[in-house]
Q: 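What follows is a single structure, and I will ask about it in a moment.
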Amino acid sequence: MIFLFALLVVLLSVLPAYFVFRRVSVLGHASRRLAATALCLGAAAALVAVAVERTVLAFTELSFDVRAAGTGSALLASFLLAAPLEEALKTLVIWPLYRMRRIDGPRLGLCYAVAAAAGFSAALGVSRLLTAPFDGVLGLRVLCAAPAQLFFAGVWGYTLGARRGQSGSWFAASWLASVALHGLYIHIVWGR
């Protein structure tokens, strides 16, 4: 049963990213190699996130679950640890493409950010499924968490690509909004 959920998580993460890539590659010139690299680096970043989150949660005695540590602990874990760490690691995967000027428009920013988030979401979901005692609620939580990773990365990825050549700070605003909404989503899915 765990492997069925793991397969569903991978499909729910990678298929939307593939459809975004196909749509963008028809309209522009998205690189298959760069999208695959972003996907693989996103998966590696998820493993780093899992290790850091486990270490910090164990050290601080925080928890995502409200029943385990209380509402305050769950909110701190979601808003100050998980959401900023996860979005920062996905941004770290995409930032070299931006600096090398491989992202020259909002569509490419969206495409590569969603590719990185797909790898991140798949690896994070499978890791959570394989390391926690499995039950139906865990499987449902992991499945619900997967699309949010792609959506929030897509928001800041689009503005990162749109920002090329502009001096505005829309990327910072969209990134912070993504972190805040992602933290709320994590709290709802994992804390309640």
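Since the structure is predicted, the reported quantities are computational estimates derived from the model, not experimental observations.
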Q: Does Leu8 reach the side chain of Leu12, with side-chain heavy atoms less than 4.5 Å apart?
A: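 No. Closest side-chain heavy atoms not under 4.5 Å.
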Q: Tell me the closest heavy-atom pair linking Ile103 and Gly161, and the distance in Å.
A: CG2-CA, 3.6 Å
Q: Grouping I, L, V, M, F, W and Y whenever their side-chain heavy atoms are under 4.5 Å apart, do Trp95 and Phe120 come out in a common cluster?
A: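 No, no single cluster joins them.
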Q: Indicate, with yes or no, if the rings of Phe151 and Tyr185 have centres closer together than 6.0 Å.
A: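 For Phe151 and Tyr185, the ring centres are not under 6.0 Å apart.
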Q: Within the distance-only criterion (no hydrogens, no angle test), does the side chain of Arg107 pair as donor or acceptor with the backbone N or O of Val24 below 3.5 angstrom?
A: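 Side chain of Arg107 to backbone of Val24: no pair is present.
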Q: Is it the case that atom OH in Tyr18 sees more than 12 heavy atoms from other parts of the structure closer than 6.0 Å?
A: no
Q: State which residues pass side-chain contact (heavy atoms from CB on, under 4.5 Å) with Val52; sequence neighbours excluded, sorted by chain then number.
A: Val48, Val56, Leu85
Q: Any side-chain to backbone donor/acceptor pair from Ser178 onto Phe152? Under 3.5 Å, distance only.
A: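 Judged by distance alone, yes, a pair lies under 3.5 Å.
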Q: Donor-acceptor check, side chain of Tyr112 to backbone of Ser31, threshold 3.5 angstrom: yes or no?
A: yes
Q: How about Val179 and Trp156: do any of their side-chain heavy atoms sit closer than 4.5 Å?
A: no
Q: What's the spacing between Leu75 CG and Leu81 CG if we round to 0.5 Å?
A: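 Reported value, rounded in 0.5 Å steps: 13.0 Å.
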Q: State, to 0.1 Å, how close Ala45 and Leu89 come at their nearest heavy-atom pair, and which atoms those are.
A: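 Looking at all heavy atoms of both residues, the closest pair is O-CD1, 3.5 Å.
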Q: Do the side chains of Arg141 and Arg128 get nearer than 4.5 Å, heavy atoms only?
A: no
Q: I'd like to know if the side chain of Trp190 pairs up with that of Ser78 as donor and acceptor (distance under 3.5 Å, no hydrogens or angles considered).
A: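 Result is no, nothing qualifies.
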Q: Main chain of Ala146, side chain of Ser13: is a donor-acceptor contact present, judged purely on distance under 3.5 Å?
A: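 Flag not set: sc Ser13 to bb Ala146 has no pair under 3.5 Å.
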Q: Look at the side-chain heavy atoms of Ile, Leu, Val, Met, Phe, Trp and Tyr, link any pair under 4.5 Å apart, and say whether Leu124 and Leu4 land in one connected group.
A: yes
Q: Looking at side-chain heavy atoms only, is the closest gap between Thr91 and Phe171 below 4.5 Å?
A: yes
Q: State, with a plain yes or no, whether a side-chain heavy atom of Arg23 is found less than 4.5 Å away from one of Phe19.
A: no
Q: Is it true that Leu39 and Val93 fall in one hydrophobic cluster, defined by side-chain heavy atoms closer than 4.5 Å?
A: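 No, separate clusters.
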Q: Looking at every heavy atom in both Ala115 and Ala17, which two are closest together, and how far apart are they?
A: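 It is CA-CB, 4.3 Å.
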Q: How far does CG of Leu150 sit from CG of Leu110, to the nearest 0.5 angstrom?
A: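 Going from the CG atom of Leu150 to the CG atom of Leu110 covers 9.5 Å.
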Q: Looking only at heavy atoms, what is the nearest atom pair of Leu138 and Pro133, with distance?
A: CD2-O, 3.7 Å
Q: State whether the side chain of Ser121 and the backbone N or O of Ala118 hold a donor-acceptor pair below 3.5 Å, judged by distance alone.
A: no
Q: Starting from Phe59, can I reach Leu57 by hopping between I/L/V/M/F/W/Y residues whose side chains sit under 4.5 Å apart?
A: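 No; tracing contacts between hydrophobic side chains, which count when under 4.5 Å, never links both residues.
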Q: How long is the straight-line distance from OH of Tyr158 back to CH2 of Trp170, given to the nearest 0.5 Å?
A: 13.0 Å
Q: Give the intermediate values and the outcome of side-chain contact (heavy atoms from CB on, under 4.5 Å) for residues Cys111 and Arg22.
A: CA-CA 9 Å; Cys111 177; Arg22 293 289 297 170; over 6 Å; no
Q: Quick one: pull up CD1 in Ile186 and CD in Glu86 and give me the separation to the nearest 0.5 Å.
A: 4.5 Å
Q: So which heavy atom on Ala51 is nearest to which on Thr55, and how close?
A: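 Scanning both residues, the minimum pair turns out to be O-OG1, 2.8 Å.
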Q: Looking at side-chain heavy atoms only, is the closest gap between Leu140 and Val137 below 4.5 Å?
A: no
Q: Determine the interplanar angle of the Phe79 and His187 rings, folded into 0 to 90°, and report it as parallel if under 30°, tilted if 30 to 60°, perpendicular if over 60°.
A: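 Plane angle between 30° and 60°, so tilted.
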Q: Working to the nearest 0.5 Å, report the span between CG of Asp104 and OH of Tyr98.
A: 11.5 Å
Q: Work out which heavy atom in Ala74 is nearest to a heavy atom in Val66; give both atom names and the distance.
A: CB-CG2, 3.8 Å
Q: Could you verify whether a donor N or O on one side chain and an acceptor N or O on the other, from Arg32 and Ser25, lie under 3.5 Å apart?
A: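 No pair is found: no donor N or O on one side chain lies under 3.5 Å from an acceptor on the other.
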Q: Counting N and O atoms only, with roles assigned by atom type, does the side chain of Ser73 sit under 3.5 Å from a partner on the main chain of Gly70, one being a donor and the other an acceptor?
A: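 Checked: no pair found.
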Q: To the nearest 0.5 Å, how far apart are OG1 in Thr71 and CG in Leu76?
A: 11.0 Å
Q: Is there a chain of hydrophobic side chains (I, L, V, M, F, W, Y, each step under 4.5 Å between heavy atoms) that links Val142 to Phe64?
A: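 Yes; Phe64 is reachable from Val142 via cluster members.
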Q: Side chains of Glu87 and Trp175: do they bring a donor and an acceptor to under 3.5 Å?
A: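 Distance-only check fails for Glu87 and Trp175.
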